[in-house]
Amino acid sequence: MEGNIAGVIPAYSLFLYIMEYTLEQFADIQILRYYVPGFESLSLRQKKLVYYLSEAALQGRDILFDQNGRYNLLIRRMLEAVYLYYEGDRSTPDFQAMTLYLKRVWFSNGIHHHYGYGKFSPGFSPTFFKKALQEIDASLLSLSPGKSIEALCDEIFPVIFNPEVMSKRVNQDAGADLVLTSAANYYRGVTQQEVEAFYGAMKEPDDPTPPSYGLNSRLVKENGILKEKIWKVGGLYGAAIEKIVYWLEQAMQVADTPGQQEVIARLIAFYRTGDLRAFDAYTILWVQDLDAHVDFVNGFTETYGDALGMKASWESIVDFKDLEATRRTEIISSHAQWFEDNAPVDALFKKEKVKGISAKVITAAMLAGDLYPATAIGINLPNADWIRTKYGSKSVTISNITEAYNRAARSNGFNEEFMYGQEELTLAAKYGDLTGILHTDLHECVGHGSGKLLPGVDTDSLKAYGATVEEARADLFGLYYLGDAKLVEWGLLPDADAYKAEYYIYLMNGLLTQLVRIEPGNHVEEAHMRNRQLIARWVYEKGMPERVVELVRREGKTYIKVNNYKKLRTLFGTLLAEVQRIKSTGDYAAACGLVEHYGVKVDASLHAEVLARYRKLNLAPYKGFVNPVYEAVRDAQGNIMDVKVSYQESFTEQMLRYSRDYATLPAEND
Ligand code: ZN
């Protein structure tokens, strides 16, 4: 119905109306909010499941702080105590700088940058901080008995203020002792050589099912003897893990399927024993559990935080299937043979029988540990090679996180700066999000799986150019079909103009704006970026006689203008035919020619122009999220009658609440 007036606006549109995606910006960080569409439609049992798993997720927060550095929890608590209880002037540069530093510590789960690993330099003085600590009630710091503020400052200040002390969380400089020079809290008093010898001795060369040795422990030397302190109930981080287990036990009662119940039981068994074979048993069930609507990751998972790549940081995500998006990929996948048969490539290179992949798309309901506040937009687990080979892996993309990134980007001035005019801006605003997602779906569900090698052609014949050619093939497959009327017929696109949005955005990115990710003086190295430039440059050059795509200069700035979208589609098809021929025949010389000529070199003056325009927008390079808040509505007997989700909390409110309600560990964990 049209013409709604205030009183009769349906609840959902009112909800859309007030949705805000960008919350605040500080240092090199932008804080966003994500929403959880579909939560209200879950059954009460599933809402409880999400709630219990979310509690299990939040209980692990302190583990990650301690893993990222042995003084992180103590420093966080010192900063929070001053932030909350300082009675002096809060408008001074010192207090403001301390607040900024605290926000960065919250964001990075420690005193080092979450991505670059370098230690933050505090903009406030040690004198200010010491005085502030002395003025607040000392009991707020829960110091060990007999320890004075004076002694605390002597111990901790070098860690905060001296740039030489614990300067990098993860050091990967060749030649250094990676263990001794990394501040991460995975080892104490041992050298890299000792670590390698210790775990080297555990490995059995012929074991077809090797456990992930070292995954869940800190390796220490005590009285000259190396030993593992296992992270488990009754072991290191036991207090936090007990709480995680408690909430997992609640979740088990309301699991989605008997299979999932067993998955959770195995995870609890692993947390209780710390036995890595139990971890593998859990993982094998988890990866095969595809029926449950609500799913989760909870545990010691990724090893990027350990310079030796053995110790896993703690993380959690709670999610459920995005049925709408999954329906979309199922439609694409069910027409895989139609795509193959109608592709504009030589019949010799087509598969007689092709099977599409239905991409799994999920909605995140809670992010925690190493997935919070900064997070990934996709997850591919488990990491153990032998389990992946034997049982497969779960590979998912997270739709509501992608949505939040897209929405946040709408209002940041980027499109206004780089798009040619109002027509392009309107196209992008109207269709850009949808066509971007659909292009990715086509790329993943049918693009990579299309085509075949001629008999006798080595899969490796394109060598270093193989990855770029393969990405170009999948991208071109998607681009070509985005402009096909069938997509409108199948209900995947709203009308025959929609595809133009992705065509424009793709060319603008490949010819112009992806250059913002390259340092001045460098060329394009990364395979996906090379592929995008290759495609954009090629169609630009081949379409020149008919001015299909133009580079227009206006007031010292360069813009992309597409004059003929239909012809552009034909050019994508022509290049797809050539790229498929190169792949199918293993034509190394042609691959080299194509990639080197179109995909690698950067025009220095255009590059400088793009960087200058981008810098003026003052965008934060890193983004992270505030979680929704779940509240259990209980009856007089304490039974949960409903779970409400809300989205009002600010970044600071959320961090302070987590520090108060989920403080599971002491400041020092030895
Ligand atoms: Zn790909």
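Note that ligands are numbered from 1 as they come in the structure, with each ligand's atoms numbered from 1 the same way. In what follows, residues are counted from 1 in the order of the sequence shown.
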Residues 372-383 side chain polar contacts: donor-acceptor under 3.5 Å, at least two apart:
unit_1 : atom_1 : unit_2 : atom_2 : d
Tyr372 : OH     : Gln654 : OE1    : 2.9
Thr375 : OG1    : Leu371 : O      : 3.4
Asn380 : OD1    : Arg388 : NH1    : 3.2
Asn380 : OD1    : Arg388 : NH2    : 3.1
Asn383 : ND2    : Thr301 : O      : 3.2
Asn383 : ND2    : Glu302 : OE1    : 3.1

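- Remark: Phe477 CZ to Cys445 SG distance equals 11.0 Å, nearest 0.5 Å.
- Taking the ring axis of Tyr588 as reference, the NZ or CZ atom of Lys463 stays within 45° of it and closer than 6.0 Å to the ring centre.
- For the ring-ring contact (aromatic ring centres under 6.0 Å, His included) with Tyr481, the qualifying choice from Trp338, Tyr499, Phe572 is Trp338, the only one to do so.
- Side chains of Glu550 and Tyr559: a donor-acceptor N/O pair is absent below 3.5 angstrom, by distance only.
- Within the protein, the number of N, O or S atoms lying under 2.8 Å from the Zn ion (ligand 1) is 3.
- A donor-acceptor contact shorter than 3.5 Å links the side chain of Lys394 to the backbone of Trp286.
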